[in-house]
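Following: one structure in structure tokens, then a few remarks.
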Amino acid sequence: MADVTDLPLYSSRLELSRDALQNNIQFLRTRAGKGVTFSSVIKGNAYGHGIATFLPMAEECGVSHFSVFSSEEAVAALEAKLNPETRIMIMGMVDDAALGWAIEHEVSFYIFDMGRLLAARNAAERAGKPARIHIQLETGMHRLGFLESEYEELIRFLKENHGSIVVEGVCTHFAGAESVANYVRIRSQQKRFRKGVKAFQKVFPEIPYIHAASSAALLAYPDHLYSMVRVGIAQYGFWPSREVYMLLQKENDLKVKDPLKRVIRWSSKIMSLKSVGEGEFVGYGTMYMTTRRETIATVPIGYSHGFGRNLTNMGYVLVRGLRAPVVGLVNMNMLTIDVTDIPGVSRGDEVVIIGRQEEGEITVASFGEMSNNLNYEVLTRLPEGLPRSVVE
Ligand SMILES: *Cc1c(COP(=O)(O)O)cnc(C)c1O
């Protein structure tokens, strides 16, 4: 039997660029400064890049700390990691009944209430191994974390159980550091966090990781990074928001237009070409009518692959380095594009949905703006089942 991996069985391909990742990590590490641990955030299947492919590539770029949302993502990360030094941290959900599993596998996790702390202590005693915890402080997001009024009880408990509980970190999360509209709120969170950190450091002076910053905070508020940053979107080469990009442009007078390089490239092929006369409807219903004789190409990408129906008559893709607009309704598995103005267009031509092609580039940001989605949302909807390949 032929090796199916050699056959083009998939209707689109996802490629990850190691050079781009290396470039981004280097830029972000320099921003963070010496002595600050870089934790690569790989929740949401590594923002659609695929944990299994992305994690070992990041290891090659020197990353050895990864943050996931949940225990199921930690399972995927443990399976993907190649470096025995690599550490995994769960920032969100682990069922109380799975805490023992995390402890066994030396996966650290956030603790944000007393109930979870008790469960972690019990699981650690049963496992005969300490739980490595990160204490999450509530500083103003009002989602998860300990309130200041709970610190005393918490500290007492940690002191009494220091054999089974190791405080590996103290952390918080900001409520939207990517927008200047939240400036006052973020500054107030930082103040509260500083105070909380002091209270814990007084009792546990050697806590290895104090962390609060995500991509936006690292880029927009570099004054308080503590000893670790948790970087998601920026390592993949996307800006947390246009505002943060503008801020850096201004502040640093950047020599290069964009110091971040997109890691992912999503491409497909033209399935079929058709010449359609003037005044005809294309595809389902009456969404699009030709205004001249047009060459219409079909591409095997649809909303089931994450190319939203809201891009109907709105999105565009690249063919031969030029933009080709999406015309008509985006179907479940297909879309139609107008390639009339692309010289020499042929069946089988590469179609780029995200990424570069010759002089053209489609960033998810423009994709996102068109579809009123953020980078984050578009990326995490990339087809999970599609194999990812690493390119230089
Ligand atoms: C997602 C997430 C991050 C990373 O955010 P980016 O904006 O992608 O850098 C950091 N910390 C927590 C708690 C998160 O949930």
Side-chain angles (χ1 to χ4, degrees), residues 21 24-25 27-29 31-32 36-49 51 54-55 58 63 65-74 77 87-94 107-112 133-146 168-180 182 186 189-190 193 209-222 224-245 247-248 259-260 262-264 364-365 368 373-382:
L21 181 63
N24 300 341
I25 288 174
F27 170 75
L28 295 162
R29 279 211 155 137
R31 287 282 303 178
V36 176
T37 298
F38 183 96
S39 182
S40 162
V41 178
I42 53 166
K43 66 189 182 194
N45 198 25
Y47 292 48
H49 292 61
I51 287 179
F54 182 82
L55 190 151
V63 178
H65 197 285
F66 293 87
S67 299
V68 296
F69 170 72
S70 63
S71 42
E72 72 219 67
E73 291 174 345
R87 291 285 162 263
I88 314 290
M89 176 176 83
I90 300 174
M91 306 183 292
M93 186 57 191
V94 200
V107 169
S108 63
F109 47 85
Y110 278 24
I111 295 278
F112 32 79
I133 66 160
H134 290 247
I135 307 209
Q136 185 171 10
L137 304 185
E138 171 54 65
T139 55
M141 186 162 180
H142 303 299
R143 192 173 67 173
L144 292 169
F146 288 98
E168 195 179 272
V170 174
C171 57
T172 197
H173 190 52
F174 298 128
E178 71 282 350
S179 168
V180 79
N182 304 325
I186 303 298
Q189 283 195 271
Q190 285 176 330
F193 185 56
Y209 300 120
I210 309 289
H211 49 107
S214 61
S215 300
L218 161 62
L219 296 164
Y221 299 84
H224 290 104
L225 299 178
Y226 299 97
S227 54
M228 184 161 84
V229 289
R230 305 182 305 260
V231 181
I233 198 83
Q235 67 178 327
Y236 304 104
F238 299 98
W239 292 87
S241 65
R242 194 152 182 84
E243 250 174 80
V244 172
Y245 173 66
L247 180 77
L248 250 80
L260 295 177
R262 261 57 68 190
V263 171
I264 208 159
V364 189
N373 281 321
L374 289 166
N375 285 334
Y376 297 85
E377 201 179 328
V378 174
L379 288 168
T380 52
R381 282 200 312 231
L382 288 171

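Small disclaimer: the values here were computed from a predicted structure and weren't measured. For ligands, and for the atoms within them, numbers begin at 1 and follow the listed sequence.
Between Ala177 and Ala217, the shortest heavy-atom contact is CB-N, 3.8 Å.
With values rounded to the nearest 0.5 angstrom, Leu225 atom CG is found 12.0 Å from Thr37 atom OG1.
Here Phe54 and Tyr236 bring their ring centres to under 6.0 angstrom of each other. Phe193 has its ring centre less than 6.0 Å from the ring centre of Tyr226.
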Short N or O contacts of ligand 1 with protein, under 3.5 Å, listed by atom name?
| residue | atom | partner | partner atom | Å |
| --- | --- | --- | --- | --- |
| ligand 1 | 7 (O) | Tyr376 | OH | 2.7 |
| ligand 1 | 8 (O) | Tyr47 | OH | 2.5 |
| ligand 1 | 8 (O) | Ile233 | N | 2.8 |
| ligand 1 | 9 (O) | Ser215 | N | 2.8 |
| ligand 1 | 9 (O) | Ser215 | OG | 2.5 |
| ligand 1 | 9 (O) | Gly232 | N | 2.9 |
| ligand 1 | 11 (N) | Arg230 | NE | 2.9 |
| ligand 1 | 11 (N) | Arg230 | NH2 | 3.3 |
| ligand 1 | 15 (O) | Lys43 | NZ | 2.6 |

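A distance-only check finds a donor-acceptor pair linking the side chain of Gln235 to the backbone of Val41 [under 3.5 Å]. Side chain of Gln189 to main chain of Ala175: a donor-acceptor pair is present (N/O by atom type, distance under 3.5 Å, no hydrogens or angles).
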